[in-house]
Amino acid sequence: MYVAVKGGETAIRNAHKLLADRRRGNRSVPAIGLEQIVEQLALAVDRVMAEGSLYDTELAALAVKQARGDMIEAIFLVRAYRTTLPRFGYTKPVETSQMAIERRISATFKDLPGGQLLGPTFDYTHRLLDPELAEDGVMESPDRRVEAHEHTPRVTDILGKDGMIEPDGEMPEGVETGDLTREPLPFPLERDLRLQALARGDEGFLLGLAYSTQRGFGRSHPFAGEIRIGEVEVELEVAELDFPPTLGRIRVTECQMINQFKGSSKQPPQFTRGYGLVFGQSERKSMSMALCDRALRARELGEDITAAAQDEEFVISHSDNVQSTGFVEHLKLPHYVDFQAELDLVRRMRSEHERVASNSSETKEAAE
Amino acid sequence: MRNENQGNIPTSGGYEFRRKAAMALLAQATAEEMENFWMQWADKPQVETLRGPEAGLVMVRGRIGGGGAPFNLGEATVTRATVRLGNGAVGHAYALGRSSSKVRLAAIFDALWQEPAHRQVVEDTILAPIAQRVNAELEDRRAETAATKVDFFTMVRGDD
């Protein structure tokens, strides 16, 4: 017999009211504004934009506020929002070589044109909590150095001149750029679709996988060839204009990982590459993405697939935290009927088990 | 147009190149700037809105390895508008974000820019101040970044 159960509306309404109250917290503390979140929790906003796969700082800040700082909930909110808007088209690819650079480092060359620009980094801080930040103290302005503009070539182009490294990745002729927001993922994937999935993938998941490749699970001997953070222009081809208008600028982080490669029958020994590109300022995510991109090229480069990070279906199917949280968290929704059926089944198996046990002991007694 | 000179108003180059540069500056204006410019515009034309302003998304693309085949990086919010002025000039505007008032005014200024009679005024009173602000911000950022440049020096051992 199936019994439909209704109820809980009042409980749900009151729970959401309570959530709103707890989100606001103590009313004697001023409410946090979206501008404050954008300006002062900028890297949280960047993560929500990257994994929400939607560049809009104000919306991401609203999501962080609404989610009470729960990043995956905020990412979920942004993903849901994007489904409400029409899509105007695909932009021209952003040119990271033309970036207005805010940070640029290379771990492979000390002296390189354009130099090592540290920018606003946590590196070299002592990771000691700063009690002064608890107060709203007077801030010193950053130092300035005015110098002639120097061209900042890409490290991969410097290495590429001697053919010591493979070129930027090309796709087979005539292949249309895949879009996982439009079509289900067709495993095995081309590199373009993998990069799209990795760009919106969970930072923690990709970080763990990237770390596993360093520890020997799919070892790929990486060097951080170049990391650059800065703004790039976005241009869109539109029907009504003969030129692609510039929509504005977005901040991205790019990582060029350089990896050892012993060569194959088709290719001489040369360095191979993993690539990371992420919305906002996120070095950890772009480095993890680049390491995973390289590990996932095992099939293309004829390497043995022995580790989790090299298994495309494993990595890409589980990298999306909105999907992951949806399936894990659905377990807390009512499964009363399923569970009743399971309970009934276990009870029947149990009585069967007891009946067999007592029968066999009776048979045993009779035999004695 | 390269990032290094995105704040400039080209004085030479073809019509399309100059219009693209003008539209790029209008896209980088703030809503507040645009509303001030519009308030100060003396002889306001009749404006008919042909499309929008409407918010939507674009799928931003990157390139594999930075310079290779395109891939889809993620979406961004964009607002667009198209207007027609009383004299028939049609203006378009596109800008990242969701500021409909800004983008509608940008479309009006794009239409005004296309009229030879208004172009110089648009460039002098609207585009120039935007360019000045954008350039100053870029210059600040460049100088602040340059101050974090590592100047390597070699330690010479004194046992020769």
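All of these numbers come straight from a predicted model, not from anything done at the bench. Naming convention: chains lettered A, B, ... in sequence-line order (proteins, then strands); numbering from 1 in each chain.
Heavy atoms of B/D140 lying under 4.5 Å from chain A belong to its backbone as well as its side chain. With a threshold of 4.5 angstrom between heavy atoms, B/Y94 approaches chain A through its backbone and through its side chain.
Side-chain contact between B/L96 and A/Y55 is absent, with no heavy atoms from C-beta onward closer than 4.5 Å. For the pair B/R98 and A/L59, the minimum side-chain heavy-atom distance is below 4.5 Å. Looking only at side-chain heavy atoms (C-beta outward), B/E144 and A/E102 stay at 4.5 Å or farther from each other. Looking at heavy atoms from C-beta onward, B/L138 lies in side-chain contact with A/R249 at the 4.5 angstrom threshold. The closest side-chain heavy-atom distance from A/L241 to B/M23 is below 4.5 Å.
The two residues B/E16 and A/D242 come nearest to each other via the heavy atoms OE2-CB, 3.2 Å.
For the set A/E254, A/R273, A/M49, A/R82, the entry with the most heavy-atom pairs within less than 4.5 Å of chain B is A/R82.
Between A/E147 and B/K149 there is a salt bridge, since a side-chain N of the basic residue sits under 4.0 Å from a carboxylate O of the acidic one.
By a heavy-atom distance cut of under 4.5 Å, B/M59, B/V60, B/R61, B/G62, B/R63, B/I64, B/G65, B/G66, B/G67, B/G68, B/A69, B/P70, B/F71, B/N72, B/L73, B/G74 are the residues of residues 59-74 of chain B near chain A, going up by number. Residues of residues 35-57 of chain B placed with any heavy atom under 4.5 Å of a heavy atom in chain A are listed by number as B/R51, B/E54, B/A55, B/G56, B/L57.
To the nearest 0.5 Å, atom CD of residue A/E58 and atom OG1 of residue B/T77 are 9.0 Å apart. B/E75 contributes atom CD, which lies 10.0 Å from atom CZ of A/R79 (distance to the nearest 0.5 angstrom).
With a 6.0 Å cutoff to the six-membered ring centre and a 45° limit on the axis angle, B/R19 does not count as a cation-pi contact of A/F243.
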